[in-house]
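In what follows, chains are A, B, ... by sequence order, proteins preceding strands, each numbered from 1. Bear in mind the structure is a predicted one, so any value in this text is a computation, not a measurement.
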Amino acid sequence: MSVEAGKKSGYVFKAPRGTEDILPGNWSLWKKLEEVGRQEFELCGYYEIRTPVFEDTRLFVRSLGEATDIVEKEMYTFSDSEDSSITLRPENTAPVMRAYLEYEMHKTKKFQKYYYIGPQFRKERPQAGRLRQFHQMGIEAVGANDPLLDVETIGVAVRIFDRIGLKGYNVKINSIGCEKCRPIFRNILKDKLCEHETALCELCRSRLHRNVFRILDCKNEKCKEITHHLPPVSDYLCEECRIHANTVREALVEIGIPYIADAHLVRGLDYYTKTVYEITHSSLGARDAICAGGRYDNLVSDIGGPSIGAVGFAIGMEATILAMQNVLNKKNTSVPQEVSGPAPSVYIVYIGNEVKKHCFYLLNLLRKSNISADFDYEGRSPKAQMRVANKLGVKYVLVLGPEELARGNVTIKIMETGEEVIIRQDELLDWFLQKL
RNA sequence: GUGGGCGUAGCUCAGUUGGUUAGAGCAUUAGACUGUGGCUCUAAGGGUCGCGGGUUCGAAUCCCGUCGCUCACCCCA
């Protein structure tokens with residue numbers, strides 16, 4: 001096999017298909033999203049949990065459902081030399097629940113609220129905002145069936161988007177019932193759709209047998225036409241699910257979250273029950289979800305635990321950042337276009353190599369005092385050093401040459417005004433600590 | 001896995017009906033009073049035109065293949 005094949009640049013290695021490097025120029029948005037997320041999660045009483053990036057394959061087969069596409073063809077599965085099969089996590093809910101059970105949290109403190117941030121893996125064809133290694137941040141509230149908890153999670157997501165300044169998102173919500181009522185209306189739906197079988201698109205005809213609910217969000221116009229004339233799923237909910245759904249909606253109104261009741265919203269993962277929701281952003285393409293979540297009352301028992309209800313969501317970080325970029329109208333760059341880390345406050349310019357070592361000493365002196373500072377390691381001329389300082393956007397340049405060295409002084413240039421002051425070196429720290 | 005679009009300097013692109021040493025802007029580097037930034041001017045570096053093959057006297061330009069990227073579909077965050 002030739003590694004030369006297909007390379008674009010002259011270099012041998014490139015990031016594998018469907019993965020991407022988050023470069024310094026883009027990092028500020030990631031940082032902001034993560035920081036705001038953490039803040040909001042913790043504000044609402046969620047605790048961070050980190051699970052391994054790989055798990056026993058059976059965990060995902062059990063939780064997601066054997067017949068789902070994720071399990072059938074999208075998992076990175078391999079054996080680690082023994083008999084065990086392991087899989088790079090395609091989502092983080094099942095791992096969190098696994099940990100919850102493994103440490104027997106349900107016995108000590110049944111109700112737990114967790115949050116996680118990390119990479120997930122799905123072997124799909126890459127597309128806008130959809131990668132093979134992608135990142136999610138999400139929450140899981142385990143151990144309670146209160147519909148208000150469903151609403152709490154929606155509130156958390158909404159506030160995160162508000163706080164990062166992302167305008168133009170929509171909250172869509174639906175109920176897909178529970179294990180009691182869902183099979184009933186699945187059959188009703190199937191029967192009704194069978195009457196129109198010939199009018200459905202080819203794909204939906206196969207969905208008729210595999211996954212009826214998926215027909216509800218088919219993009220084909222004819223199929224839409226048919227499904228829009230069907231009575232909404234909510235007509236078939238059992239008493240318990242109906243009350244649950246109504247409470248959720250009322251509470252959303254109560255706390256002022258606008259939502260769209262979308263009877264066609266369904267979920268691909270088997271474990272969802274009752275409340276499902278999705279937050280989409282108008283600036284995105286075909287894949288417009290930036291957050292998806294819902295209640296999953298059967299997952300814990302599915303993977304061998306007691307019957308315990310839970311709700312959660314996952315925010316797709318790539319998709320969210322894409323939306324942020326669209327809103328901010330920014331593009332990716334390989335070089336920092338705005339300083340993504342904090343710009344150093346001070347840049348030290350040395351004139352002549354004789355004073356360089358002393359400047360290095362001063363550099364470390366500043367840093368020890370918690371003053372961010374940097375200097376030249378490339379052997380540039382004083383002029384070029386100034387250019388670098390200017391580009392970095394530092395407030396002060398400390399200039400030191402043989403003259404200053406002899407007198408025990410330093411020249412400080414205030415970049416904004418161009419003004420220069422000369423002070424004694426032993427006053428340096430005080431001067432900066434007062435200014436910064 | 002299926003289908004469409006694209007592939008020329010670090011980035012964004014131009015490149016006329018195939019014709020000599022492939023261009024621009026931005027970025028980079030260096031100069032324009034010997035120890036100093038932003039503006040301006042000058043100059044320099046940087047591309048085997050994704051890769052391979054074919055047609056041709058001659059191909060970045062046409063054909064085929066291949067790889068990669070991208071968008072969309074299935075599915076999903």
Side-chain angles (χ1 to χ4, degrees), chain A residues 2-10 14-18 20 25 64 67-74 90-93 119-138 157 201-204 206-207 210-211 214 217-220 266-269 278-281 284-293 312-323 331-335 337 347 349-352 355 378 380-394 396-405 411-418 420:
Chain A
S2 169
V3 282
E4 300 284 317
K7 70 192 178 183
K8 182 184 174 178
S9 62
K14 60 192 298 296
R17 163 172 253 201
E20 69 179 10
L64 300 174
T68 55
D69 272 33
I70 293 180
V71 169
E72 279 180 349
K73 53 189 188 191
E74 292 171 2
E91 56 96 53
N92 222 146
T93 299
Q120 319 292 335
F121 307 86
R122 247 117 107 164
K123 201 157 101 191
E124 295 176 294
R125 193 92 172 251
Q127 205 186 127
R130 191 188 68 181
L131 297 169
R132 289 181 169 187
Q133 179 181 159
F134 59 103
H135 297 79
Q136 290 184 330
M137 51 190 229
C201 70
E202 198 181 329
L203 199 62
C204 282
S206 81
R207 284 202 265 236
R210 290 180 51 232
N211 193 346
R214 275 281 153 206
D217 69 349
C218 182
K219 294 184 178 78
N220 184 292
V266 293
R267 298 276 74 176
L269 277 36
E278 203 167 274
I279 300 178
T280 58
H281 196 267
L284 269 24
R287 255 277 308 112
D288 61 354
I290 51 179
C291 173
F313 69 69
I315 288 174
M317 296 179 75
E318 278 81 1
T320 302
I321 279 158
L322 239 140
K331 290 200 126 185
N332 294 358
T333 43
S334 54
V335 181
Q337 53 180 344
Y347 197 82
V349 170
Y350 62 89
I351 296 158
V355 301
E378 297 175 272
R380 291 174 190 260
S381 68
K383 188 193 195 111
Q385 292 180 53
M386 285 301 293
R387 269 201 285 266
V388 170
N390 181 58
K391 217 159 288 169
L392 281 173
V394 298
Y396 304 101
V397 168
L398 198 154
V399 185
L400 195 141
E403 278 178 37
E404 285 88 349
L405 186 67
T411 302
I412 298 169
K413 180 160 188 168
I414 300 154
M415 293 301 271
E416 203 175 341
T417 59
E420 289 188 356

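For the pair A:Leu64/A:Glu91, a side-chain contact is recorded, criterion being any heavy-atom separation below 4.5 Å from C-beta on.
Between A:Ala157 and A:Ile279, the closest heavy-atom pair is CB-CD1, 3.8 Å.
Residue-to-nucleotide contacts include no donor-acceptor pair under 3.5 Å from the side chain of A:Glu124 to the base of B:G1. Donor-acceptor pairing under 3.5 Å, judged by distance alone, is present between the side chain of A:Glu420 and the base of B:U36.
With both ends at atom P, the span from B:C51 to B:A60 equals 11 Å, rounded to whole Å. Look at the C1' atom in both B:U12 and B:G31: the space between them is 28 Å, to the nearest Å. Atom name P, nucleotides B:C49 and B:C62: the rounded distance is 15 Å, in whole Å.
Per the geometry, CD1 belonging to A:Ile412 stands 22 Å off P belonging to B:G35, to the nearest Å. A:Gln127 has its CD atom 12 Å from the P atom of B:C75, to the nearest Å. Rounding to whole angstrom units, CD of residue A:Gln120 and P of B:A77 are separated by 11 Å. Between the CD atom of A:Glu403 and the C1' atom of B:U36 there is a distance of 13 Å, rounded to whole Å. Computed from coordinates, the A:Phe121 CZ to B:A77 P distance equals 17 Å when rounded to whole Å. With rounding to whole Å, A:Tyr350 atom OH is found 16 Å from B:G37 atom P. What separates CZ of A:Arg17 from P of B:G7 is a distance of 18 Å, to the nearest Å. Whole-Å rounding puts the A:Leu64 CG to B:C75 P distance at 16 Å.
Residues satisfying the side chain to side chain donor-acceptor pair (under 3.5 Å) test with A:Arg17, not counting sequence neighbours, are none. Residues satisfying the ring pair (Phe, Tyr, Trp, His ring centres under 6.0 Å) criterion with A:Tyr350, sequence neighbours excluded, are A:Phe375. Under the side chain to side chain donor-acceptor pair (under 3.5 Å) criterion, A:Gln120 pairs with A:Arg89, A:Asn92, not counting sequence neighbours. Residues forming a salt bridge (charged side-chain N to carboxylate O under 4.0 Å, His left out) with A:Lys383 (at least two apart in sequence, or on another chain): none. Under the rule for a side chain to side chain donor-acceptor pair (under 3.5 Å), A:Glu416 has no partner lying at least two apart in sequence or in another chain.
Using a 4.0 Å heavy-atom distance criterion, A:Val349 is classed as making no nucleic acid contact.
The side chain of A:Arg125 sits closest to B:C73 out of B:C73, B:G35, B:A77. Closest contact between the side chain of A:Lys383 and the listed nucleotides B:G35, B:A32, B:G68 involves B:A32.
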Got a list of protein N/O to nucleotides 38-40 of chain B N/O distances below 3.5 Å?
{"from": "B:G38", "atom 1": "O4'", "to": "A:Asn390", "atom 2": "ND2", "distance (Å)": "3.2"}

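For residues 123-135 of chain A, every residue pair satisfying the side chain to side chain donor-acceptor pair (under 3.5 Å) rule, not counting sequence neighbours, is listed here: A:His135-A:Glu318.
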List, one per line, each side-chain donor-acceptor pair under 3.5 Å for residues 398-405 of chain A, sequence neighbours excluded.
{"from": "A:Glu404", "atom 1": "OE1", "to": "A:Gly401", "atom 2": "N", "distance (Å)": "3.0"}
{"from": "A:Glu404", "atom 1": "OE2", "to": "A:Thr411", "atom 2": "OG1", "distance (Å)": "2.7"}

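With a 3.5 Å limit on both pairing distances and Watson-Crick or G-U wobble geometry required, the stems of 3 or more pairs in RNA chain B span B:1-7 with B:67-73, B:10-13 with B:23-26, B:28-32 with B:40-44, B:50-54 with B:62-66.
Map A:Leu131 and A:Pro402 each onto its nearest nucleotide of RNA chain B; the residue landing nearer the 5' end is A:Pro402.
Taking 4.0 angstrom as the limit, A:Lys123 places none of its side-chain polar atoms (N or O) nearer than this to OP1 or OP2 of B:C75.
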After noting the C-alpha distance and the side-chain angles of A:Leu284 and A:His281, does the key distance pass the side chain to side chain contact (heavy atoms under 4.5 Å, CB included) rule? CA-CA 6 Å; A:Leu284 269 24; A:His281 196 267; 4.1 Å; yes

